[in-house]
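See structure below.
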There are 2 protein chains.
Amino acid sequence: MFELDQRLRNDTLVVGDLALCRVLLMNDSRYPWLILVPKVAAVSEVFELTIEQQQCLWQETTAVSVVLKQLFQADKINIATLGNVVKQLHMHIVVRMQDDATWPAPVWGQGVAQPYTAQELQQFSTKLQAALQSPEFIAAKVSL
Amino acid sequence: MFELDQRLRNDTLVVGDLALCRVLLMNDSRYPWLILVPKVAAVSEVFELTIEQQQCLWQETTAVSVVLKQLFQADKINIATLGNVVKQLHMHIVVRMQDDATWPAPVWGQGVAQPYTAQELQQFSTKLQAALQSPEFIAAKVSL
C-alpha cells in the first residue's frame, strides 16, 4: 500500500494528486519546488515501475515542468530523482532563477530551507492547484 | 546542427551514440557517471524536444540506468537534468554507492573530479560500450 515517506511528509505540503503521482510543494520559499511521488508501494528506482507507470511519470514530470516554467518565468527547470536519503521514489522539479539563493549550484544540501508562512503556503498551493488544472497543463500531459 | 558543448567535451569521453543521445563518460573516477546528450541543436529543456524525442530520451535514460545498476551493483541510480551552467540539454545518470566519495549528498559541486588514467578510461569505455550493446540494454530500451 502506498504511504508517503515520513520525511517527505514533514518537509512538504500536499498540493494534489495526478493520475500516477502525488504532488508535493517543498516548504522552502527560496525556490518554487515541487516533488512528484508515484503512488506505488516500495519503489525506489524509476525502472522498478511498470512500463505504463514509467511513461506516466515522465509525462507528468514534463507537464509539471512546462507549467512551472510558464507560471514563474523560470530561467531553468531542474529535474532530478536522487533518493540517496529518502528511499521512496520521488522526482524533484525545481524552478531556478539566475538570482536565486544558490544559482547556479544544485539546490540540494545548500543552506537552510526557509519555510513559507502558513498564509504563503496556502496561497502558493492554491496557485499551483489552479495551474495543474489549467488547459496548458492538460495539453502538455495529453500530448506526450 | 548538433554540436557538443565545449565544457562537456572537456570533461568527458564519448562512449557512443544511441538513437537520440550521444553517451558521454564523465572523467571522474569517483563515480561511474554517464551523461546523455540529445543530438539536437539548441535545446535546453526536456519539453523543448518533440514528443517523440522526449519519449526517446526517457527510454534511453531508463535503459542506461538499468544497465548501470546491474553492471556496477549500484546502491542507487541518480538521474538529473540541471543545465544551470551548461545550457545544452543533458541528462546525468550516476551510479551511487553507500561508500562513495560524497554519499548521500548529490555529486555536483562536491570536491574535485579525479580523472581516470588514459588506460582506465579506455577500459571503462570499452566495458560500457559492451554493456550498451548487451541483450539487457536492448531489452530495456525496447520494452519501454
Side-chain angles (χ1 to χ4, degrees), chain A residues 31 44-70 74-87 89-98 100 102-110 136-137 139-144, chain B residues 31 44-70 74-87 89-98 100 102-110 136-137 139-144:
Chain A
Y31 328 89
S44 66
E45 299 279 8
V46 170
F47 50 78
E48 292 169 359
L49 295 172
T50 67
I51 302 304
E52 292 72 21
Q53 289 167 341
Q54 287 180 39
Q55 287 175 332
C56 198
L57 174 60
W58 296 131
Q59 191 185 46
E60 292 181 357
T61 298
T62 307
V64 168
S65 303
V66 169
V67 163
L68 288 181
K69 165 86 176 173
Q70 292 175 349
D75 289 326
K76 190 71 190 69
I77 298 292
N78 287 178
I79 297 172
T81 176
L82 306 174
N84 305 337
V85 176
V86 171
K87 291 298 168 208
L89 178 62
H90 59 288
M91 185 71 73
H92 299 272
I93 307 175
V94 191
V95 170
R96 302 304 307 274
M97 306 300 283
Q98 292 184 15
D100 73 28
T102 57
W103 179 271
V107 294
W108 302 275
Q110 301 280 345
E136 290 76 13
F137 180 74
K141 219 159 74 70
V142 169
S143 67
L144 185 58
Chain B
Y31 328 89
S44 65
E45 299 279 7
V46 170
F47 51 79
E48 293 168 359
L49 295 172
T50 68
I51 302 305
E52 292 72 21
Q53 289 167 342
Q54 288 180 39
Q55 287 175 331
C56 199
L57 174 61
W58 296 129
Q59 191 185 46
E60 292 181 357
T61 299
T62 307
V64 168
S65 302
V66 169
V67 163
L68 289 181
K69 165 86 177 173
Q70 291 174 349
D75 288 325
K76 191 70 190 70
I77 298 291
N78 287 178
I79 297 172
T81 175
L82 306 174
N84 305 338
V85 177
V86 171
K87 290 298 168 205
L89 178 62
H90 58 290
M91 185 72 73
H92 298 272
I93 308 174
V94 191
V95 170
R96 301 304 306 275
M97 307 299 284
Q98 292 185 14
D100 73 28
T102 57
W103 179 272
V107 294
W108 302 275
Q110 300 280 345
E136 290 76 13
F137 179 73
K141 219 159 72 72
V142 169
S143 67
L144 186 58

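Treat the numbers as computed from the prediction; the structure is a model and nothing was measured. Here is the naming used below: chain letters follow the sequence lines, and residue numbers restart at 1 for every chain.
The NZ atom of B/Lys87 sits 7.0 Å away from atom NZ of A/Lys76, with the distance rounded to the nearest 0.5 Å. Taking CD from A/Gln55 and OG1 from B/Thr62, the interatomic distance works out to 9.5 Å, rounded to the nearest 0.5 Å. Considering CD1 of A/Ile79 and CD of B/Glu45, their distance stands at 7.0 Å, rounded to 0.5 Å. Between the CE atom of B/Met97 and the CG atom of A/Asn84 there is a distance of 12.0 Å, given to the nearest 0.5 Å.
Using the six-membered ring where Trp is involved, A/Trp108 and B/Trp108 have ring planes that are tilted, between 30° and 60° apart.
Heavy-atom pairs under 4.5 Å with chain A peak, among B/Leu57, B/Val85, B/Val66, at B/Val66. For chain B, the option among A/Val46, A/Thr81, A/Val94 with the highest count of heavy-atom pairs below 4.5 Å is A/Thr81.
When all heavy atoms of A/Asn78 and B/Leu82 are compared, the pair lying nearest together is ND2-O, 3.1 Å.
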